[in-house]
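Below, all heavy atoms of this structure are taken into account, side chains as well, without hydrogens, waters or symmetry copies.
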Amino acid sequence: MADSDVGAASDAYGRGGGGRRSGRAVTVAAAGVLALATLAVGCGPQDPGADALRQPTAPATTAPPVPSPTDDGKGATAGATTEPATTTPPASPSAPPPPAEPVTAPPPTASSLAPSTAPAPRVLLRTGSEGAQVRELQARLRQIGHFGRTPTGYYGTVTAEAVRSFQAKRGTEATGATDAVTWRKLLAMTRTPTADELDPPTERPVAKPDERCLTGRVLCISKKSRTLAWMIDGRVVSAMDVRFGSEYTPTREGEFPVFWKSRDHVSTLYDTPMPYALFFSGGQAVHYSADFAANGYGGASHGCVNVRDKAKVAALFDQVKNGDKVVIYW
């Protein structure tokens, strides 16, 4: 309190009554002076809740008080006694902000490092494909020991298994389908197949022809060697592997004429495609078999003579005429 304030208080409480002050008047005056002095220096009450009702709202730049562990964010209850909190003075507007706590990132995982949308290699050939590229695929696989038969030009289960074996040995995904990656690896490991590798006479040696096959135009078919030789006047024009019916549906033996040609025939009895069919006895015919091309000798026909090389039987179909002989023998 300033000296002038003390003098004013003395005048307020000391004058009157003839200049003589009683003890009670002195006590009251002292209490008033003490109250004025307390308000002047700003000492607040111990009740922060009550103080908050009397004090002006803090400026927006003043940091809010830190609540105690039992505080619910609204201030202490009336009458509670709290120790004055030690607050950190606000930082200067020009002072740099305190450094942030370092944040440790979690270690990268394998999935976060790998591309999430890597495109799969483009598939070039798969089960059901057929043609010259399938024949080349089979010939190249045969060069390195993954395909154990002559090329047929048909991509069946045997070819898919050969491709799967090649892929597994080279550390790529063994799908059995020939994608661009598999094809490039195969090209790098093999040479261009020769004409004989692409189109060998037959996988099996052609049997000695029956005497009935030595004259005229004849489909000379041996059950023993499981081969068909297309012969003209005793000369073998082409040869191919064949399979026959099972013991329950045997292929007839003997000499027959070709009586009907049907290029895109479908069996009405078995609902099975019979492309390039050359009928020689009832419903029995020489024709291409996709099942034979895919599975080899693991199956049998319903009596027909199956050919597994589509290109060869297609060429045969174009050359054979109605009336040409069919000779089937052991």
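We find that Lys312 and Asp241 are not joined by a salt bridge, their nearest charged nitrogen and carboxylate oxygen being 4.0 Å or further apart. Using a 4.0 Å cut-off between a side-chain N of Lys or Arg and a carboxylate O of Asp or Glu, Asp318 and Arg263 qualify as a salt bridge.
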Take Lys223 and Ile328 through the side-chain contact (heavy atoms from CB on, under 4.5 Å) test and state the conclusion after the steps. CA-CA 7 Å; Lys223 283 189 170 182; Ile328 302 175; 4.1 Å; yes
Full working for side-chain contact (heavy atoms from CB on, under 4.5 Å) between Asn322 and Lys261: CA-CA 7 Å; Asn322 286 337; Lys261 296 173 60 174; 3.6 Å; yes
Test log, rule side-chain contact (heavy atoms from CB on, under 4.5 Å), inputs Leu219 and Leu316: CA-CA 10 Å; Leu219 295 171; Leu316 179 68; 3.7 Å; yes
Determine, step by step, whether Ser238 and Gln319 satisfy the side-chain contact (heavy atoms from CB on, under 4.5 Å) criterion, reporting the C-alpha distance in whole Å, the side-chain angles of both residues, the deciding distance to 0.1 Å, and the verdict. CA-CA 11 Å; Ser238 64; Gln319 297 174 46; 5.6 Å; no
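Applying the ring pair (Phe, Tyr, Trp, His ring centres under 6.0 Å) test to residues at least two apart or on different chains, the pairs with a partner in residues 238-260 are Phe256-Phe280, Trp260-His265, Trp260-Phe279.
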N/O donor-acceptor pairs under 3.5 Å from side chains in residues 206-215, not counting sequence neighbours:
unit_1 : atom_1 : unit_2 : atom_2 : d
Asp210 : OD2    : Arg212 : N      : 2.9
Asp210 : OD2    : Arg212 : NE     : 2.8

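The minimum heavy-atom distance linking Phe292 with Val307 is given by the pair CD2-C, 3.7 Å. Minimum heavy-atom separation, Ala139 to Leu198: CB-CD2, 3.9 Å. The minimum heavy-atom distance between Arg243 and Asp291, with the atom names listed, is NH2-OD2, 2.7 Å. Closest approach of Tyr154 to Ala293, counting heavy atoms only: CB-CB, 3.5 Å. Looking at every heavy atom in both residues, His146 comes nearest to Arg170 through NE2-NH1, 3.9 Å. Across every non-hydrogen atom of Ala174 and Arg164, the tightest pair is CB-CG, 3.5 Å.
A heavy-atom distance below 4.5 Å is found between the side chains of Arg140 and Pro193. A heavy-atom distance below 4.5 Å is found between the side chains of Ser222 and Thr227. Considering only heavy atoms from C-beta on, Arg142 stays 4.5 Å or farther from Glu197 through its side chain. Considering only heavy atoms from C-beta on, Thr152 stays 4.5 Å or farther from Glu130 through its side chain. Taking 4.5 Å as the limit, some side-chain heavy atom of Asp309 sits within range of a side-chain heavy atom of Arg135. Under the 4.5 Å side-chain criterion, counting only non-hydrogen atoms from C-beta, Lys310 is in contact with Tyr276. A heavy-atom distance below 4.5 Å is not found between the side chains of Val326 and Glu255.
Side chain of Ser289 to main chain of Arg308: no donor-acceptor pair is present (N/O by atom type, distance under 3.5 Å, no hydrogens or angles). At distances below 3.5 Å, not a single donor-acceptor pair connects side-chain atoms of Ser262 with backbone N or O atoms of Ala277. A donor-acceptor distance shorter than 3.5 angstrom exists from the side chain of Gln143 to the backbone of Arg191, with no hydrogens or angles considered.
Between the CG atom in Asp179 and the CZ atom in Arg184 there is a gap of 8.5 Å [rounded to 0.5 Å]. Taken to the nearest 0.5 Å, the CE atom of Met240 stands 11.5 Å off from the OG1 atom of Thr150.
Other residues sharing a hydrophobic cluster with Tyr270 under the 4.5 Å side-chain heavy-atom criterion for ILVMFWY residues are Leu269. In the hydrophobic clustering, Tyr329 connects to Val218, Val327, either directly or through intervening members, whenever side-chain heavy atoms lie under 4.5 Å apart. Counting Ile, Leu, Val, Met, Phe, Trp and Tyr side chains that sit under 4.5 Å apart, directly or through other members, Val163 shares a hydrophobic cluster with Leu124, Leu125, Val134, Leu137, Leu141, Ile144, Phe147, Tyr155, Val158, Phe166, Trp183, Leu186, Leu187, Met189.
Here Cys304 pairs with nothing under the disulfide (SG to SG under 2.5 Å) rule; sequence neighbours left out.
Counting non-hydrogen atoms of other residues, nucleotides and ligands closer than 6.0 Å to CD of Glu253 gives a total above 12.
Cluster membership check: Val286 does not share its hydrophobic cluster with Val266, using side-chain heavy-atom separations under 4.5 Å among Ile, Leu, Val, Met, Phe, Trp and Tyr. Linking Ile, Leu, Val, Met, Phe, Trp and Tyr whenever their side-chain heavy atoms come within less than 4.5 Å leaves Tyr288 and Met274 in two separate clusters. Note on Met231 and Val242: separate hydrophobic clusters, where clusters join Ile, Leu, Val, Met, Phe, Trp and Tyr whose side-chain heavy atoms are under 4.5 Å apart, directly or indirectly.
Between the side chains of Gln138 and Thr159, at least one donor-acceptor pair of N or O atoms lies under 3.5 Å.
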